[in-house]
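Presented below is the structure to which this report refers.
As the structure lists them, so they are numbered: ligands from 1, and atoms in each ligand from 1.
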Amino acid sequence: MENNFHDLIVNRRSIRRYADRPIDANDVRLIMEAALMAPTSKSSRSWQFVLVEDPEMLERLSHCKPAGQTSLTRCPLAIVVAADPTLSDPWIEDASVAATYIQLQAEALGLGSCWVQVRGRFDAAGVPAEEIVQEALGMPDTMPVECIITIGYKDEERKPQNLEKLQWEKVHIGKWKQD
Ligand SMILES: Cc1cc2nc3c(=O)[nH]c(=O)nc-3n(C[C@H](O)[C@H](O)[C@H](O)COP(=O)(O)O)c2cc1C
């Protein structure tokens with residue numbers, strides 16, 4: 001378990017391979033508490049989350065796009081992050097912040113996670129990934145899906161972030177500085 005927030009940020013890497021064991025129910029609860037405490041525009045709480053553990057459903061979801069989806073078939077838990085645009089015009093931001101909270105809380109619990117982008121992606125036949133996910137899970141088409149966060153005990157080693165390679169040239173002090 002990480003104690004220092006900066007260390008947590010340095011050590012968090014996308015993890016796409018997970019051990020074949022379920023996540024402790026209390027940890028799942030803590031992760032969802034974090035998601036439900038994420039800030040939203042005008043406190044709209046526009047998000048909705050679908051937790052998926054069934055391997056057959058995870059396999060089905062993995063067909064929503066041809067690349068960047070492999071972690072779905074290897075994880076014990078996936079959290080589908082959607083939001084209601086009628087409640088919040090910046091629903092994408094609401095969903096994205098919640099997804100990030102989920103990833104950081106998972107890391108703090110010693111779990112690995114990976115963002116699987118759904119919005120704007122398509123399967124091999126050109127069907128929107130969002131439609132495939134909504135249909136598989138019985139979600140209304142009025143509830144757009146931003147992403148799926150896969151979570152599990154880490155089964156791959158990733159190096160921490162390299163502080164020497166941070167792109168400080170992208171930080172402008174006082175006014176924009178052209179190179
Ligand atoms: C908006 C967004 C979309 C992403 N989509 C995917 C994805 O579809 N599949 C995937 O495996 N990783 C995805 N990632 C993870 C990135 O590939 C990863 O964060 C990036 O390569 C940096 O690596 P790191 O997370 O280990 O620092 C996504 C991340 C973000 C923030």
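Within the listing of ligand 1, atoms 7 (C), 8 (O) sit less than 4.0 angstrom from a heavy atom of V116. Of all atoms in ligand 1, numbered sequentially from 1 with element shown, those under 4.0 Å from a heavy atom of G68 are 7 (C), 8 (O), 9 (N), 10 (C), 11 (O). Close approach to R12 involves these atoms of ligand 1, each under 4.0 Å from a residue heavy atom: 24 (P), 25 (O), 27 (O).
Nearest protein neighbour of atom 25 (O) of ligand 1, counting heavy atoms only, is S14 OG, 2.6 Å. Considering only non-hydrogen protein atoms, atom 11 (O) of ligand 1 sits nearest to R16 NE, 2.7 Å. Nearest protein heavy-atom neighbour of atom 6 (C) of ligand 1: W115 O, 2.9 Å. K65 NZ, 2.6 Å is the protein heavy atom nearest to atom 8 (O) of ligand 1.
Between R29 and E33 there is a salt bridge, since at least one side-chain N of the basic residue sits less than 4.0 Å from a carboxylate O of the acidic one. A salt bridge is absent between R12 and E107: the closest approach of a Lys/Arg side-chain nitrogen to an acidic carboxylate oxygen does not fall below 4.0 angstrom.
Here the side chains of I79 and T150 are not in contact, with every heavy-atom distance at 4.5 Å or above. Contact check for L77 versus L51: side-chain heavy atoms found under the 4.5 Å cut-off.
Taking a 6.0 Å sphere around CZ of R17, one finds it holds 12 or fewer heavy atoms contributed by other residues, nucleotides or ligands.
Note on ligand 1: C114 sits in its first shell, one or more heavy atoms being nearer than 4.0 Å. Using a non-hydrogen distance threshold of 4.0 Å, Q161 registers as a contact of ligand 1.
Distance alone, capped at 3.5 Å, is enough to place a donor-acceptor pair between the T100 side chain and the S96 backbone.
Inspection of the S41 and D89 side chains reveals no N or O donor paired with an N or O acceptor under 3.5 Å.
Remark: atom 22 (C) of ligand 1 lies closer than 4.0 Å to no protein heavy atom.
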